[in-house]
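The structure under discussion appears below in the form of structure tokens.
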Amino acid sequence: MDKIIIRGGKRLAGRIPVSGAKNAALTLLPCALLTDEPLTLRNLPRLADIDGFQHLLNQFGVSTAIAGARPEDFGRVMTLQATRITSSVAPYDLVRKMRASILVLAPMLARMGEAKVSLPGGCAIGNRPIDLHLKALEALGATIELAAGYVRAIAPDGGLPGGRYSFPVVSVGATENALMAAVTARGKSTLHNAAREPEIVDLCRMLVAMGAEIEGIGTSDLVIHGVSRLHGATYQVMPDRIEAGSYACAAAITGGEVTLAGARIEEMEATVQALRDIGLHVEPRPEGLHVAADGPLRPVTLETAPYPGFATDMQAQLMALLCLAQGTSVLTETIFENRYMHVPELNRMGAHIETKGRVAIVHGVPKLTGAEVMATDLRASMSLVIAGLAAEGETQVHRLYHLDRGYERLEEKLALVGAEIERVGGD
Ligand code: UD1
């Protein structure tokens with residue numbers, strides 16, 4: 001198995017290109033099922049999760065063609081066309097590897113009148129139920145059946161009528177499924193307490209480009225007027241705000257200075273505020289976001305929250321940075337119940353972090369030391385890379401398949417700004 005070897009202590013400086021957003025791409029791709037016309041996605045990141053989703057769509061008979069894939073390029077262009085759908089079943093062996101597969105449920109239901117999807121697996125960061133996805137689809141008129149590890153959604157003859165649903169908890173994925181079901185419903189649908197993450201805005205914008213009628217985009221109240229059919233479109237995937245934030249932490253922990261080319265500050269305000277509170281200079285520039293370390297790192301107290309709050313997907317990376325702050329930080333994870341798997345590994349590198357339930361207390365230490373580490377989810381793995389960049393000596397990060405799910409050519413991007421990092425085969 002491959003591993004990444006980092007020799008820490010190099011100051012990062014320069015420009016890192018930000019890729020297309022994984023979490024946006026994973027909800028834009030299934031929209032190909034909503035039309036028989038071609039859908040072209042630009043700036044699609046090259047990631048294991050995207051390849052997995054493409055494979056899943058191919059199983060349904062969706063054709064996919066890739067352009068702009070010179071080896072040296074980041075990102076690529078994919079054209080998808082679901083002229084005829086040959087299956088409406090998403091099987092266990094494909095779905096278990098990728099939780100986002102649940103996002104085929106609504107578009108398949110909308111297009112075919114029926115869909116059967118294996119219950120998902122994915123990141124091991126808590127229970128992660130899908131009850132809200134199912135309740136929202138029911139509110140829009142679907143019948144839901146659960147049997148033998150599969151969920152089956154069925155629309156009445158003539159299609160979903162549409163309806164009203166108020167989410168008891170903000171859910172990104174459930175909002176996405178509800179939106180994809182509502183756009184071609186027969187009537188009007190209203191979603192209250194919907195997630196308003198930038199990736200949801202990206203989904204809404206693409207659906208509108210395909211002919212959908214959505215009001216309230218960017219707010220937590222969405223009104224969708226169903227249309228009889230959607231058409232093809234060409235759409236540019238938004239930049240990955242979590243990737244950008246991760247590289248900001250990477251530069252900061254080395255006392256460095258980077259320009260995150262393509263990053264949009266307006267989609268990252270809570271992260272930018274946290275970085276500023278820690279003492280970094282962060283400013284928008286025409287090319288992207290400029291982040292510079294200046295002086296000691298200050299501790300912070302913050303909690304994760306749905307957008308526009310501080311993203312749970314940035315918690316582990318920020319925690320790595322705070323390990324070297326001068327003082328004690330307090331982080332509270334409010335979204336997922338089991339998202340501190342990086343803590344024991346960071347402590348093995350010399351960090352001093354205690355957890356009490358959902359709270360992590362990070363006592364700043366003067367230095368970290370390299371170690372062999374591994375993590376069991378994507379962002380936790382990135383936090384170990386960030387720690388390794390500042391640690392004395394060598395850090396080896398194992399289980400790279402997590403990083404490959406969500407960071408496009410991580411080691412190349414970090415090497416571009418001066419990190420001493422390499423991927424080697426074998427264990
Ligand atoms: C998405 C992101 C993930 C991010 C998360 C929160 C993708 C592919 N993944 O995940 O990276 O960490 O948003 O920003 O976009 N919940 C329920 N019932 C449900 C659905 C969710 O109780 O049916 C709970 C979850 O357990 C969690 C909370 O709602 O506590 C938020 O989860 P949700 O926003 O749905 O996360 P995902 O869409 O899975």
Side-chain angles (χ1 to χ4, degrees), residues 20-31 44-45 47-50 52-53 56 95 97-106 117 119-139 144 146 151 153 165-181 191 193-203 220 237-238 240-243 245-246 267-268 270-271 303-318 332-342 358 377-383 402-403 405-407:
K22 171 181 83 80
N23 285 353
L26 289 173
T27 187
L28 300 178
L29 284 166
C31 293
L44 202 60
L47 298 170
D49 264 12
I50 302 298
F53 214 100
L56 181 64
V95 175
K97 296 182 195 134
M98 197 176 36
R99 192 189 144 78
S101 314
I102 192 65
L103 295 174
V104 299
L105 185 63
V117 177
L119 294 168
C123 261
I125 57 176
N127 284 333
R128 305 192 81 174
I130 58 159
D131 55 322
L132 302 177
H133 298 241
L134 306 183
K135 284 185 184 135
L137 294 182
E138 266 176 345
I144 303 289
L146 286 174
V151 48
Y165 188 66
S166 186
F167 291 92
V169 172
V170 177
S171 164
V172 174
T175 302
E176 291 166 347
N177 253 330
L179 268 164
M180 291 186 281
L191 303 175
N193 199 28
R196 50 191 171 124
E197 267 66 4
E199 292 76 14
I200 303 267
V201 173
D202 219 34
L203 170 63
S220 48
V237 181
M238 65 174 280
D240 197 316
R241 63 194 173 104
I242 306 299
E243 187 201 28
S246 303
E267 289 161 349
M268 308 175 52
T271 295
E303 60 179 43
T304 62
Y307 191 85
F310 184 79
T312 175
D313 283 354
M314 277 301 303
Q315 178 257 108
Q317 302 90 308
L318 199 82
T332 306
E333 173 58 60
T334 71
I335 309 290
F336 293 111
E337 66 271 25
N338 185 22
R339 209 168 190 183
Y340 286 140
M341 272 103 50
H342 42 290
R358 294 190 171 225
D377 84 54
L378 168 59
R379 307 303 169 187
S381 299
M382 187 62 190
S383 79
H402 290 298
L403 288 169
R405 282 185 42 224
Y407 288 92

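Start at 1 and go down the list; that is how both ligands and their atoms are numbered.
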For ligand 1, which atoms sit closer than 4.0 Å to a heavy atom of [X]?
| X | result |
| --- | --- |
| Arg99 | 39 (O) |
| Arg339 | 12 (O) |
| Val169 | 29 (O) |
| Asp313 | 3 (C), 4 (C), 11 (O), 12 (O) |
| Gly173 | 35 (O), 38 (O) |
| Thr312 | 6 (C), 12 (O), 14 (O) |

Could you tell me whether the side chain of [X] and the main chain of [Y] form a donor-acceptor pair under 3.5 Å?
| X | Y | result |
| --- | --- | --- |
| Asn177 | Ile102 | yes |
| Glu197 | Ile200 | no |
| Asp202 | Ala24 | no |

Look only at interatomic distance and state if [X] has a nitrogen or oxygen under 3.5 Å from any nitrogen or oxygen of ligand 1.
| X | answer |
| --- | --- |
| Ala100 | no |
| Pro129 | yes |
| Lys22 | no |
| Leu26 | no |
| Ala174 | no |
| Glu176 | no |

query: Between Lys22 and Asp313, is the closest basic N to carboxylate O distance under 4.0 Å?
result: no

Interatomic distance, Phe336 atom CZ to Arg379 atom CZ [nearest 0.5 angstrom]: 11.0 Å

Compute whether any side-chain donor of one residue and acceptor of the other, for [X] and [Y], lie under 3.5 angstrom apart.
| X | Y | result |
| --- | --- | --- |
| Arg241 | Thr271 | no |
| Gln315 | Thr304 | no |
| Thr27 | Glu199 | no |

Proximity flag Met98 to ligand 1, non-hydrogen atoms under 4.0 Å: no

message: So, 4.0 Å and heavy atoms of Thr175: is ligand 1 close enough to count as a contact?
response: no

Any side-chain heavy-atom pair of [X] and [Y] under 4.5 Å:
| X | Y | answer |
| --- | --- | --- |
| Lys135 | Pro168 | no |
| Val201 | Arg196 | no |
| Phe167 | Ser220 | no |

task: Have a look at ligand 1 and work out which part of Tyr307, if any, has a heavy atom under 4.0 Å from it: side chain, backbone, both or neither.
output: neither

message: For Leu134, which part has a heavy atom under 4.0 Å from ligand 1: side chain, backbone, both, or neither?
response: neither

Winner among Thr304, Asn23, Ile102 once heavy atoms are compared against atom 2 (C) of ligand 1: Asn23

